[in-house]
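One structure is given here, and the rest of the page talks about it.
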Protein chains: 2
Amino acid sequence: MAVVVKPKKEAGEKPTRIQEINRGVILDAALEMFSTYGFRGTTIDQIADKAAMSKPNLLYYFKRKDDIYAAVLEATLDEWLRPLHALDQDGEPVEELRRYITRKLEMSAKKPAASRFFANEILHGAPHIHGFLKTDLKKLVDEKSGVIRKWVSEERLAPIDPYHLFFLIWATTQHYADF
Amino acid sequence: MAVVVKPKKEAGEKPTRIQEINRGVILDAALEMFSTYGFRGTTIDQIADKAAMSKPNLLYYFKRKDDIYAAVLEATLDEWLRPLHALDQDGEPVEELRRYITRKLEMSAKKPAASRFFANEILHGAPHIHGFLKTDLKKLVDEKSGVIRKWVSEERLAPIDPYHLFFLIWATTQHYADF
DNA sequence: CAAATTGTTGACTAATCGGTCAAAATACAG
DNA sequence: CTGTATTTTGACCGATTAGTCAACAATTTG
């Protein structure tokens, strides 16, 4: 008797409606908890409570605590970087920087959890995104540093080290969000 | 038969040589671990390992994990505040601020653990020093804010909100230490 | 509706962690 | 050296936590 092997699930199948909703709910809850209590300070039970579901149910969507953290990181990283992406070398320098800072401040105010989450990650040496920071983020920062340098060389902006400028903006917007 | 009660130990007796050494070793180890992994992320075993002693031995010197944290806080706070204390209203404003920032940067570079420790505490809403922050630190910051305001009113310094200035300096020096 | 798949959970386990304790080892005073 | 106070530790305990599992419920599909 021939047995027809019918695969139950292909890798990379599209998520169901329920999966999409619940993953979102979990990530929101997890971001809130991780940003407040850190990785070790947050329990899966706490996240499950906040997401209004049982722990086994949560673990049905994310097999391990590390996976939840990684997913939160990935989901938040894009948003955190978006303001910097928008810095346009063809714009007017002071106006571009003003818009960048405004966007950063807005983001810190509107999504304080995301902001705290990253501050925390970076403060502790970015242990979970070290590889990423060394590649993608560095590339982006290098690219935008080039824009600043270009403006300085064209004498459209007072001389300043681009890295110092970014640090100044990141640090200050973050602190305003904290307090 | 009269029993002579001979107290074994008076409160506030001077610590023995061994106590002095071991408390120091423990505080160094604890600062390193707490600043890297946070309060919840650090285990007593880890601190004991770093201090090269057994856990019960460590707990002989500090009865609870909270006590270790509090002791680290107390031991480090003074150092963290010292640069601000030195801000002198009778000095030349720009030179005073330059010196303050330089000292802050030196401290962040020389004692990164202490610096991270406080950044971490403040980022999470200073849960362990809330009372202190509300009194002593606030008083100090208010006092030094008065110095800044005085300089501004005498037109010896460009107009700036003193709190914003301190945040700017703290945030930036900390970020330099992190990266 | 009926079968199959997906979603949900109570009950459990193994490991970790903060903290205790009694007993052994060491340092120290007379 | 002798006795006493101090220091050190292995073994242990109760609580918490990450993660499992088998059974049950809901949803989707045909």
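The structure displayed is predicted, hence computed values, not measured ones.
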Take the protein atom [atom1] of [X] and the nucleotide atom [atom2] of [N], then report the distance between them rounded to whole Å.
X: B:Ile68; N: C:dC17; atom1: CD1; atom2: P; result: 14 Å
X: A:Leu58; N: C:dG10; atom1: CG; atom2: C1'; result: 16 Å
X: B:Gln19; N: C:dC28; atom1: CD; atom2: P; result: 11 Å

For this session: Going 5' to 3' through nucleotides 17-30 of chain D, assign each nucleotide B (protein heavy atom under 4.0 Å from a base atom), S (under 4.0 Å only from sugar-phosphate atoms) or - (no protein heavy atom that close).
Result: SBBBB------S--
For this session: Identify whether any heavy atom of B:Phe62 sits under 4.0 Å from a base atom; if not, whether one sits that close to sugar-phosphate; answer base, sugar-phosphate or nothing.
Result: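 Result for B:Phe62 = nothing.
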Taking only side-chain nitrogens and oxygens of [X], does any of them come within less than 4.0 Å of OP1 or OP2 of [N]?
X: B:Tyr60; N: C:dC21; value: no
X: A:Asn22; N: C:dT6; value: no
X: A:Ser54; N: C:dG10; value: no
X: B:Thr16; N: D:dT7; value: yes
X: B:Asn57; N: D:dG10; value: no

For this session: Inspect the surroundings of OH in B:Tyr37 and state if more than 12 heavy atoms from other residues, nucleotides or ligands are less than 6.0 Å away.
Result: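 At most 12 heavy atoms, drawn from other residues, nucleotides or ligands, come within 6.0 Å of this atom.
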Exercise. Is the A:Phe117 ring parallel, tilted or perpendicular to the A:Tyr69 ring (thresholds 30°, 60°)?
Worked result: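 Tilted: the ring planes of A:Phe117 and A:Tyr69 meet at 30° to 60°.
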Exercise. Which pairs count as side-chain hydrogen bond (donor to acceptor under 3.5 Å, both in side chains) when at least one residue sits in residues 148-162 of chain B, sequence neighbours excluded?
Worked result: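 Found B:Lys150-B:Glu154, B:Glu154-B:Arg156.
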For this session: Please collect all salt bridge (charged side-chain N to carboxylate O under 4.0 Å, His left out) contacts where either partner lies in residues 76-95 of chain B, sequence neighbours excluded, each pair once.
Result: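 Non-adjacent pairs meeting salt bridge (charged side-chain N to carboxylate O under 4.0 Å, His left out): B:Asp78-B:Arg82, B:Glu79-B:Lys111, B:Glu95-B:Arg98.
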Exercise. Salt bridge (charged side-chain N to carboxylate O under 4.0 Å, His left out): which pairs involve residues 53-66 of chain A, sequence neighbours left out?
Worked result: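 Pairs touching residues 53-66 of chain A that pass the test: A:Asp45-A:Lys55.
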Problem set entry | Residue list, salt bridge (Lys or Arg N to Asp or Glu O under 4.0 Å) with A:Arg99, at least two apart or on another chain |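 Once residues adjacent in sequence are excluded, the partners of A:Arg99 under the salt bridge (Lys or Arg N to Asp or Glu O under 4.0 Å) criterion are A:Glu96.
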Under-3.5 Å N/O pairs linking protein and nucleotides 13-15 of chain C:
none

Problem set entry | Under 3.5 Å: donor-acceptor pair, side chain of B:Lys50, backbone of B:Ala30 |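 No, the answer is negative, given that no donor and acceptor are paired below the 3.5 Å cut-off.
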For this session: Please confirm whether A:Arg23 makes a cation-pi placement over A:Phe62, using NZ or CZ under 6.0 Å from the six-membered ring centre and within 45° of the ring normal.
Result: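 The answer is yes; both the distance and angle limits are met.
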Problem set entry | Closest contact, heavy atoms only, A:Leu27 versus A:Ala75 |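 For A:Leu27 versus A:Ala75, the nearest heavy atoms are CD1-CB, 4.2 Å.
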